[in-house]
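To start, the structure itself, in structure tokens.
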Protein chains: 2
Amino acid sequence: MNRHTPRIRDVARVAGVSTATVSRALSKPEVVSAATLEAVRAAVQATGYTINQSARNLRQRRTMGVVALVPNLANPFFSRIMAGVSAVLAPAGYNLLVVDTQGPGVERHIARTLDRSRADGLLVFDGTLPADDLLPDRQSPPVVMVCEWIEGLATPTIRVDNAAGARLAMAHLAGLGHRQIGHLLGPEGNVLAQARAQGARAALAERGLPVREDWFFPGDFSLESGRRGACEWIARPDRPTAVFCASDEIACGFIGEVQRRGLRVPKDVSVVGFDNIELVAHITPALTTICQPRRAIGEAAAKVIIALMEGDAAPGGHKVLPLELIERDSTSSPRN
Amino acid sequence: MNRHTPRIRDVARVAGVSTATVSRALSKPEVVSAATLEAVRAAVQATGYTINQSARNLRQRRTMGVVALVPNLANPFFSRIMAGVSAVLAPAGYNLLVVDTQGPGVERHIARTLDRSRADGLLVFDGTLPADDLLPDRQSPPVVMVCEWIEGLATPTIRVDNAAGARLAMAHLAGLGHRQIGHLLGPEGNVLAQARAQGARAALAERGLPVREDWFFPGDFSLESGRRGACEWIARPDRPTAVFCASDEIACGFIGEVQRRGLRVPKDVSVVGFDNIELVAHITPALTTICQPRRAIGEAAAKVIIALMEGDAAPGGHKVLPLELIERDSTSSPRN
DNA sequence: CGAGCTGTTGTAATCGATTACACTATCGAA
DNA sequence: TTCGATAGTGTAATCGATTACAACAGCTCG
């Protein structure tokens, strides 16, 4: 019958009221009379009307969209956080847009998202973005940093205390009797990696244990860098009896290579990871690791950005979620 | 200075031209004179103008958005596919919206996305959605099924030949000399799980090997279901000497539990997975698995949906991407 | 009985870009 | 010189909902 999708005008005609009334019936039902409300409902049914979001967005000057800027979408670390974000955003009527900050020519694309007509809010998971772009001004939507942060940028941040997590790990290893403890680092410029390394150094120093830079192996959070770390670790004549890895993926890569070389975990080396991704409970040995409440991080981030978008000026600012050491089978007392 | 964000009218005034000209200068530069183009460019610079997407969307009757309906966002299997999708969508100017099809009350939310004013295209990763909702009509945007599909729904689909993948796995195990081969199933209603199970059965039958239903262990793609499968497998007096798992996560859960019980892989049981997620190359033993080209799947899906959105009526329809068995260390000849 | 509410509805302006159509200037061909 | 084609630009309608404002009915209160 209708050659095009029904508009609010069609509903109004069928219901015998004005478009204003239809609009009100749909968005604030409490201001229209019961009879009219019913008529509108029926007309909506009859016409199969669905609202045109673009028109509403234009008029209301918002997009109902939240953009998540994620460094490397392929990293499974983010998936559970995203699930948490989505679980809060969706019921509130917001759309979750995902943008990968890696890859060629993304700068342009990111810049595009940074204005209000694109998104009402921004969740930034990447601490390496140029801080200038994220400064709050009239043009750009509110920003919440998640996990990572940018030094000197005062923006609400949801994160964990990474240094404290590193201390937990080191305390656990030291408590088991290890006195020679190394660290597999995350990527050089990364704030998480830095905080974890700094926490590890501090924990060693506090206990009077050696802080040897040649036991801090370079890496980048990836499996492959864990594997390389294992090669370097093995090659060292005086190698640490335990290592704390800046991520679970590093730990998996490390353990895999160590085992492939015929050594045993935890017998020959104890290993602690960071993140507690699902899988590490099931590898052999099950990985002792620092558990990040990933879903809670996502949920918290979503709640804060919603509060900001809906006008709450100061919705709590920085939020630091608790970390926890999960002891499994990859750590034990050193051999002797 | 300006109390509000600059509009095209402001640019027009500064450049001394009409809004129509500004619009043309920005979207089809070839139709305006070089001088005007330059003036507009300068004016855009001067005013800091950025286009208002909502207005453009309203007028052009599109949203530049593609929605991905994903069952369980937390599943790392999807992350690399999403990276592929994003890598194609972003340069083409489309936004990627992600919706989790699990969780409470999502039906309403999904329904909302299914009209043209919300998204220009739909990528469906969930084969359990009601087929009716996805039937193409004037109201709903084009749909591409990815990985999973819905029986009887003629919609372009990007997938792999799951049954063939299962055959590859079984052929590999049979080739090693196994004659008692089991299968850890995916979730019951899932088309992927069904296709893989059916392929596994067929491969066994073709070779005259026993097809024993009690060697088909129930599961749901998860690590935990792999662990449970291992418990059941161990409890069986006459257990198969090899198992093919419907996903890598199942395989990891299975291997972990088997090893925890003191048995060895592949000595006591050979294991083949499905997907080739990054991690399984690094566990011990490295997992032999069927490699899905996940990034390529994402890229292909994005290309097809773009073609559909831009009007190509028949952009190739079904596309089946190649699978490959990757032999690692979790499979060997049976003990005797 | 009239002023002042309250509750309900309609009219029309508005959000900001795109684009159909009309118009002018310029140039080559007849 | 005139006609037509072409290139470049402006005017104003349009996309579809929201909402400021006004209008009006029915009531209460003095």
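Per chain, numbering begins at 1; letters A, B, ... match sequence-line order.
- Salt bridge present: B:R294 and B:E278 bring a charged side-chain N and a carboxylate O closer than 4.0 Å.
- A:M64 has its CE atom 16 Å from the P atom of D:dA17, to the nearest Å.
- A:R118 places its CZ atom 16 Å from the P atom of C:dG16, with the value rounded to the nearest Å.
- Within the structure, every side-chain polar atom (N or O) of A:R56 is placed at least 4.0 Å from both OP1 and OP2 of D:dA17.
- A sub-4.0 Å separation between OP1 or OP2 of C:dC15 and a side-chain N or O of B:R59 is absent.
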Problem set entry | Residue pair B:T5, B:Y49: steps toward the side-chain contact (heavy atoms from CB on, under 4.5 Å) verdict | CA-CA 7 Å; B:T5 80; B:Y49 171 75; over 6 Å; no
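- At distances below 3.5 Å, not a single donor-acceptor pair connects side-chain atoms of B:T50 with backbone N or O atoms of B:G48.
- Counting to the nearest Å, the C1' atom of D:dA17 and the CG atom of B:N52 are 14 Å from each other.
- At whole-Å resolution of the value, CZ in B:R9 and P in C:dT18 are 14 Å apart.
- For the residue pair B:T101 / B:D126, a side-chain donor-acceptor distance below 3.5 Å is found, with atom types taken as modelled.
- Ranked by how close their nearest DNA chain C nucleotide is to the 5' end, B:K28 and B:S54 are led by B:S54.
- Helix bend of the helix from C:dC1-D:dG30 to C:dA30-D:dT1: the angle between its two end axes, each built from five pairs, comes to 50° after rounding to 10°.
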Below 3.5 Å between N/O atoms, which protein atoms pair up with nucleotides 4-11 of chain D? Just atom names and distances, please.
residue	atom	partner	partner atom	Å
D:dT9	OP1	B:S33	OG	3.1
D:dT9	OP1	B:T36	OG1	2.2
D:dT9	OP2	B:S33	N	3.1
D:dT9	OP2	B:T36	OG1	3.2
D:dG10	OP2	B:S18	N	2.8
D:dG10	OP2	B:S18	OG	3.0
D:dG10	OP2	B:T21	OG1	2.6
D:dG10	N7	B:R24	NH2	2.8
D:dG10	O6	B:R24	NH1	3.1

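- Side-chain atoms of B:D100 never come within 3.5 Å of backbone atoms of B:V98 as a donor-acceptor pair (strictly under, hydrogens ignored).
- The shortest distance between side-chain heavy atoms of A:P141 and A:M309 does not fall below 4.5 Å.
- At whole-Å resolution of the value, CZ in A:R13 and C1' in C:dG10 are 17 Å apart.
- For the pair A:Y49 and D:dA17, the criterion of a side-chain N or O lying under 4.0 Å from OP1 or OP2 is met.
- Distance CD (B:Q60) to P (D:dG16): 13 Å, rounded to an integer number of Å.
- Atom CG of B:L26 and atom P of C:dA17 are 10 Å apart (whole Å).
- Here the C1' atom of nucleotide D:dT18 and the CG atom of B:L58 are 12 Å apart, to the nearest Å.
- Between B:T63 and A:S54 there is a side-chain heavy-atom pair separated by less than 4.5 Å.
- Taking 4.0 angstrom as the limit, A:R7 places a side-chain polar atom (N or O) nearer than this to OP1 or OP2 of D:dG16.
- Other residues, nucleotides and ligands contribute at most 12 non-hydrogen atoms within 6.0 Å of the CD atom of A:Q45.
- Put simply, the side chain of B:S86 never gets that close to the backbone of B:M82: no donor and acceptor are under 3.5 Å apart.
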